[in-house]
Structure formats: C-alpha cells, structure tokens
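Report on the following structure.
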Protein chains: 2
Amino acid sequence: MAADPLSRVFAALADPTRRDLVARLAVADATVGDLAEPYDVSVQAVSKHLRVLEDAGLVSRSRDAQRRPVHLEAEVLDLMTAWIERYRRQAEERYRRLDDVLASMPDDSDSTTGPTTERGNPS
Amino acid sequence: MAADPLSRVFAALADPTRRDLVARLAVADATVGDLAEPYDVSVQAVSKHLRVLEDAGLVSRSRDAQRRPVHLEAEVLDLMTAWIERYRRQAEERYRRLDDVLASMPDDSDSTTGPTTERGNPS
DNA sequence: CGCCTCCTCAACCAAGTGGTTGACAAAGGT
DNA sequence: ACCTTTGTCAACCACTTGGTTGAGGAGGCG
C-alpha cells in the first residue's frame, strides 16, 4: 500500500463511507459498533475502513473495556490542505500572469492557439 | 468507478505520479509526451493517469495538431478544501467545547478515562 | 463459571488499478 | 505519397480493495 503519507490520506478519503465516518467522528468519538450501525455492511467491513483511516493517521483507537472508542485526529487534514492550496495558488498565479501577457499583447494570431509556446522544456 | 465527484478527486490525487502531474501542470500546460518524459513508465501509462485526472475534472485536454496539450483545471480543488475544512473546523470546535467542559469541572476521577460519557447514541 | 458483547483476524471472492505490449488513428514533415 | 511523431485503444497481468463469512480473543455480567 502506498508508502507516502499524503497518498494514504487521499486514498483514505476517496471512499464515501470513510468520508462519512470522518464526518461523524468530527461530531463525537464513537465505538466501532455505533459507527457501523447506520450502514448496511458488516461490522468487520467498518473495522477495515477504520484501519485504513488509522493507517492514514486520521483516526486513533483506544480501549475502554471491550469497546474501542475511535477518535478523529484532524491535524492530518492540514497535510492535504497544504498540498492542495499550494498548487491551486500556483495555478491561479499563472493565470494571472498569463492574463497580463495577453493584455500587453495587442493581437498575434499565432499565439492565440495556446500557451504551449512558453513551455520550458527539461533535459 | 466511484460515481461521486468528491471520491473521484480524492482518488485521483491518491497517486504520487498523478500529484506530480498536477504539480507540473500548475506551472504550465504540457503535452502528454512532455509529461511522460521524466517518469520511467510508458506514455500509455501516463495517458491513463491523465484520463483519471480528466474524469475527476482536474484536467482538460485540447487539440493542437497531433499534440494534445493538457491543462490544469484548478477549481475542482476547492471542492476538496471545502470538504476538508468543514470537518477540520467542526473537530476543532468540538475540542474547544470539551476543553471548556473540562475546565469548568474541578476534578472527577470517573470521567478522566475518556470523553465517551457524552456520546449521543442513536436509535 | 459460563455466556454474551464488542471487536479483530484470516481466508476467500469479485471488481478495480497501474502497469505492460501491440495495433492503429491522426496530422506533419520531406 | 511515404514515414515519423504523438497519442489513444485493447488485451492482458499482478496486485490491491471492499466486501463477505467464520473463528476467536478480551472483557464485563448473571
């Protein structure tokens, strides 16, 4: 399974059931049984989902008698927002610069096809 | 494949190669060949990755002769940040309230074990 | 002690994923 | 007109995934 943390977090949240679990855990800690109840899948399936979330660092399980209360570790979410925001902003910045270029260019029928012209090719 | 848009976006970014593609596309549009060059996988593999990104709405492909310049559609990222932020904030809020409760409670040796006590059990 | 509850582990299965290779369409270059 | 470049489609493969059932461990309860 994907070694890097970021992939694990993204993958963990790529499942609707898992996202719903996170949503519910944002409200309150809960036991596996409580969490499983609304969905019509087995408790084992939910337990597996929780393990995925745990491996992603999104959730922690402690002990309370036979119960294993699940707790949301929300900090990991910042990892994602950091990544996302970085590139969203970068893309925005690029569009802004492109607009500037286009604005300062009266008309040039060759470059209207695409911005491919200013590509910085590696190697 | 996961029907809902949010799952598709999360799943799309759960792969390091795909995240790298997004990162590079944030800088500039590029052709499939350009994008494939740095990785030591086939062009077909990259083309597949791009399709996943496209299905997630993260990327669009146009035409320029035989080339198919790929363009990043950064707006979809907001879908994710919206989701993430919502629950991160909700969790934070909860911790704040819990702190308040604990602060207003001098000492109660029974409730120190866990916050399980204030669980709102359904049905 | 014996049972019942809560949960995980193990084995299995169908479907999806990331990769490969091979064939081929589309468009230019010569 | 050919050949080359650029990219997709299709078939195939190993592996992962989300689900199932069955067994079992850990810990109260009568």
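Letters A, B, ... mirror the listed sequences (proteins, then strands); counts begin at 1. Treat the numbers as computed from the prediction; the structure is a model and nothing was measured. All heavy atoms count here, side chains included; hydrogens, waters and symmetry mates do not.
- In this structure, B:D78 pairs ionically with A:R88, as a charged nitrogen and a carboxylate oxygen lie closer than 4.0 Å.
- Ranking D:dT20, D:dT6, C:dC7 by closeness to the A:S42 side chain, first place goes to D:dT20.
- Distances shown here put a side-chain N or O of B:T31 below 4.0 Å from the OP1 or OP2 atom of D:dG7.
- On a pure distance criterion of 3.5 Å, a polar donor-acceptor pair joins the side chain of A:Q44 and the base of D:dG22.
- Judged by distance alone, with hydrogens and angles left aside, the side-chain atoms of B:D64 form no donor-acceptor pair with the main-chain N or O of B:R67 at under 3.5 Å.
- The side chain of B:R18 lies closest to C:dG18, out of C:dG19, D:dT5, C:dG18.
- The side chain of B:A45 sits closest to C:dG19 out of D:dT5, C:dG19, D:dG28.
- We find that CZ of A:R61 is positioned 16 Å from P of D:dA26, with the value rounded to whole Å.
- Between the CZ atom of A:R51 and the C1' atom of D:dT17 there is a distance of 13 Å, rounded to whole Å.
- Straight-line distance from the CZ atom of A:F10 to the C1' atom of D:dT17: 20 Å, rounded to whole Å.
- Nearest-nucleotide positions on DNA chain D place A:D15 closer to the 5' end than the other of A:R68 and A:D15.
- Contact check on B:R68 versus B:D29 returns no salt bridge, with no Lys/Arg side-chain nitrogen under 4.0 Å from an Asp/Glu carboxylate oxygen.
- The nearest whole Å value for the distance from the NE2 atom in A:H49 to the P atom in D:dT16 is 18 Å.
- As a whole-Å value, the separation of A:E37 CD from C:dT5 C1' is 16 Å.
- Using a 4.0 Å cut-off, some side-chain N or O of A:S47 falls inside it from OP1 or OP2 of C:dT8.
- Salt-bridge annotation for B:E92 and B:R89: absent, with no side-chain N of the basic residue lying under 4.0 Å from a carboxylate O of the acidic one.
- Look at CG on A:D34: it is 15 Å from P on C:dT5, rounded to the nearest Å.
- Looking at the side chain of A:V41, the nearest of the listed nucleotides D:dG18, C:dC6, D:dT20 is D:dT20.
- A salt bridge links A:E93 to A:R96: at least one charged side-chain nitrogen sits closer than 4.0 Å to a carboxylate oxygen.
- In this structure, NZ of A:K48 is placed 13 Å from P of D:dT16, rounded to the nearest angstrom.
- Rounding to whole angstrom units, CG of residue B:D40 and P of C:dT21 are separated by 12 Å.
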